[in-house]
Amino acid sequence: MKTILAVLLLSVSALASANNCPNEMKAIDAKMSSASGISAENMAKIKALRADGEKFHKEGKHAESMKALGEAKKMLGI
């Protein structure tokens with residue numbers, strides 16, 4: 001019974017994470033358009049991480065997507 005519950009909780013969290021990728025991308029896009037004081041080099045890294053996040057999301061690799069998007073958010077100070 002505990003195993004079933006654990007699997008169910010992991011499944012629900014994976015689905016929630018999968019549905020959150022687009023929201024994370026929107027937050028990054030909004031912040032990028034108004035960001036100031038970020039070097040061109042760091043902005044290029046942020047854009048690459050954001051692109052990786054979208055690619056991973058489309059491939060169904062939501063954990064990898066959230067990791068890349070999280071790094072981009074961190075660099076943007078979100």
Side chains of Met66 and Cys21 in contact at under 4.5 Å (non-hydrogen atoms): yes
- request: Check whether any side-chain heavy atom of Leu49 lies under 4.5 Å from a side-chain heavy atom of Leu69, and answer yes or no.
  value: no
Distance in Å, [X] [atom1] paired with [Y] [atom2], rounded so as to fall on 0.5 Å steps:
{"X": "Ile28", "Y": "Met75", "atom1": "CD1", "atom2": "CE", "value": "11.0 Å"}
{"X": "Met25", "Y": "Ser65", "atom1": "CE", "atom2": "OG", "value": "5.5 Å"}
{"X": "Ser34", "Y": "Asp29", "atom1": "OG", "atom2": "CG", "value": "11.0 Å"}

- prompt: Hey, is Glu41 close enough to Lys45 for a salt bridge, meaning N to O under 4.0 Å?
  reply: yes
field: Taking every non-hydrogen atom, the tightest pair across Met43 and Ile38
entry: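 Heavy atoms of Met43 and Ile38 come nearest at N-CG2, 3.8 Å.
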message: Please find the pair of heavy atoms, one from Ala72 and one from Ile46, that lie closest to each other, and give the distance.
response: CB-O, 4.1 Å
message: I'd like to know whether Glu71 forms a salt bridge (charged side-chain N to carboxylate O under 4.0 Å, His left out) with Lys67, so could you lay out the CA-CA distance, the side-chain angles of the two residues, the decisive distance to 0.1 Å, and finally the verdict.
response: CA-CA 6 Å; Glu71 283 295 315; Lys67 182 178 178 183; over 6 Å; no
- request: Step through the shown structure and confirm whether more than 12 heavy atoms of other residues, nucleotides or ligands are within 6.0 Å of CD on Glu59.
  value: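 It does: Glu59 CD has more than 12 such atoms within range.
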